[in-house]
Amino acid sequence: MSRVIGIDLGTTNSCVSVVEAGRPVIIPNENGGRTTPSVVSFTREGERLVGDAALRQAVVNSARTVRSVKRRMGTDWRFSVDGRSWSPQEISAMILQKLKKDAESFLGGPVTEAVITVPAYFNDIQRQATKDAGRIAGLNVLRIINEPTSAALAYGLDNGAQQKVMVFDLGGGTFDVSVIEIGGGVIEVLATNGDNHLGGDDFDEVVTGELCALIRSQHRFDPRRDPAALQRVRDAAEQAKKELSTSERAYISLPYLTAVRGEPVNFEHTLTRTRFNELTRHLIERTAGPVRNALADAGISASQLGRVILVGGSTRIPAVQDMVRELTGREPSKSINPDECVAQGAAAQGANLSGGALTLSGGAAARPGGGSGLLLLDVTPLSLSVETVGGVATRLVERNSTLPVHYSKIFSTAAPYQSDVEINVLQGERPMARDNKSIGRFRLGGIRRAPAGVPQIEVTFDIDANGILKVTARDLDTRQEQSITISGSERMSESEIDAAIRDAQRYAAQDGTRRSLLEANGEAERALSEARRILEKGKRKLSREDKKALKADISALEKLMASEKPDRMGESDIMRIREAARRLNDTAGRCAPMAE
Ligand code: AMP
């Protein structure tokens with residue numbers, strides 16, 4: 001089995017890790033960054049940019065750039081550009097492909113297997129969409145694991161003493177809090193809670209608002225009306241926020257923001273931590289409810305927590321850490337970089353699944369024999385029901401049930417001589433079916449004619465360790481059965497996934513060809529400029545034959561380059577350019593000593 005990578009596919013940033021010599025290490029991207037922006041951009045020239053490159057030109061190309069696609073996972077949202085429309089799975093797959101490629105460069109060989117993490121709040125459809133994204137990117141996704149579970153693995157807590165742990169994860173766009181019971185090789189998620197729309201972006205927005213108001217009052221210029229200026233203010237706001245995690249003051253300088261009546265607008269300001277705390281207090285307070293709810297759902301008080309782990313870049317904010325201390329009465333653990341913790345845990349789990357031995361931080365020793373030692377017990381994030389008479393949601397699986405789950409219940413028919421039943425599978429906490437989310441529907445037919453209430457239909461819910469749900473309905477009389485692995489309308493069909501995989505492969509090949517063409521053009525340009533220089537320098541000294549040969553080779557290469565049609569060029573066309581450049585280089589090399 002090749003090396004399994006662990007991927008934290010984040011809303012704002014993603015991170016990838018692999019176990020090397022028994023320890024999870026972070027795989028840097030091609031720019032040396034330890035996390036990669038989860039941003040995809042489509043340039044007007046038909047190039048697809050992912051990560052830092054996409055983020056850099058997100059302002060000038062905002063309509064062709066996708067950010068925070070994770071928020072769209074499991075929905076039927078599409079991103080349309082250049083006459084094509086992309087699903088969230090396909091956009092996520094582009095990010096995954098980039099992470100896979102960076103991992104391949106780092107490891108020096110193909111990478112085909114991964115463990116990917118998702119927020120504990122993700123429902124079944126969102127989990128399946130993430131798995132599909134992995135498949136489209138050419139990855140065999142061995143496991144989808146919850147981010148808090150992964151963080152606990154990174155701390156190696158699974159092998160220590162039995163204890164209850166809170167994982168407090170405040171990233172760029174989401175907040176998750178989980179209570180986990182851990183120790184002796186078992187991790188059980190007791191409860192999860194959070195806020196899908198709370199994260200560092202909100203802090204940036206509040207600071208941006210403050211800076212915009214100051215700029216407006218000082219300069220009568222509203223940056224919100226100028227996208228490029230607004231982006232600069234946003235970047236400065238995020239930078240200041242990060243500085244305030246370690247300093248009491250952050251100096252903001254935005255020269256030449258714009259010109260008002262010919263005069264440049266230069267903005268300078270010092271933001272103090274005290275003011276930042278005032279501005280963002282309401283955001284920090286929003287973490288309290290989910291923390292209390294998670295503790296209540298787990299049936300424990302804060303004093304029963306053995307440990308609190310901080311995850312996500314925004315937990316570096318001192319006021320966030322103060323809030324955690326206040327709510328839990330514990331000094332939070334932050335020895336592992338909070339941006340990298342989740343990916344490290346996923347890598348650890350990946351190594352575990354492939355049988356690699358591990359040495360994790362937190363003092364855990366290498367697990368003898370690796371593989372089978374660890375049992376992961378996650379929970380269902382929401383309750384699961386089926387719709388019964390009168391539009392009632394009859395619950396089969398309670399929220400926060402430990403995975404894997406296997407649960408059956410017997411139902412019957414509501415009308416006399418009813419020959420088929422419709423099973424409407426629901427996810428949510430509300431008593432009426434219509435208030436929950438319908439995540440799948442199917443029919444079981446061929447029921448023997450009988451008065452209402454006589455046929456016995458057994459409905460079984462099976463949820464595997466990845467949180468993927470299979471529902472089966474069986475007529476106990478005829479033994480007929482029907483099942484679905486949830487196929488809600490938002491979920492991609494098998495054929496759609498296959499088409500997307502083919503597409504991704506085709507684009508990967510096209511991207512490769514485009515890169516070769518750029519390189520070949522670079523070589524050709526260099527050869528042409530050198531040959532022209534020699535021709536110019538050797539005007540008088542070069543023999544007529546040499547001049548003729550040089551001119552002929554220059555013109556042949558120029559013609560080839562002029563006839564380029566990037567979208568239709570294959571490897572053989574690129575080879576021809578390379579050969580012509582080489583020939584020109586040879587001729588120029590022969591002539592150079594005479595010309596000098
Ligand atoms: P993550 O999704 O975990 O990568 O977290 C990204 C979020 O963390 C972004 O909103 C960042 O601005 C924020 N972040 C990163 N470093 C810091 C820091 N030193 N102080 C405050 N926020 C930070």
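Both ligands and their constituent atoms are indexed starting at 1 by order of listing. Since the model is a prediction, treat every value here as computed from it, not as a measurement.
With sequence neighbours left out, Gln239 forms a side-chain hydrogen bond (donor to acceptor under 3.5 Å, both in side chains) with no residue at all. Scored by the ring pair (Phe, Tyr, Trp, His ring centres under 6.0 Å) test, Phe175 finds Phe168 as partners (sequence neighbours excluded).
Distance alone, capped at 3.5 Å, places no donor-acceptor pair between the Arg216 side chain and the Asp222 backbone. Side chain of Ser14 to backbone of Gly10: a donor-acceptor contact under 3.5 angstrom is found.
Residue pairs meeting the ring-ring contact (aromatic ring centres under 6.0 Å, His included) criterion with at least one partner in residues 53-80, sequence neighbours excluded, are Phe42-Phe79.
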At less than 3.5 Å, what protein N or O atoms come close to the N or O atoms of ligand 1? Include the distances to 0.1 Å.
residue	atom	partner	partner atom	Å
ligand 1	2 (O)	Gly172	N	3.2
ligand 1	3 (O)	Gly313	N	2.9
ligand 1	4 (O)	Asn13	ND2	3.2
ligand 1	5 (O)	Gly313	N	3.3
ligand 1	8 (O)	Ser314	N	3.3
ligand 1	10 (O)	Lys241	NZ	3.3
ligand 1	12 (O)	Glu238	OE2	2.5
ligand 1	12 (O)	Lys241	NZ	2.7
ligand 1	16 (N)	Arg316	NH1	3.2
ligand 1	20 (N)	Ser245	OG	2.7

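Environment of CZ in Arg325: crowded, with over 12 heavy atoms of neighbouring residues, nucleotides or ligands closer than 6.0 Å.
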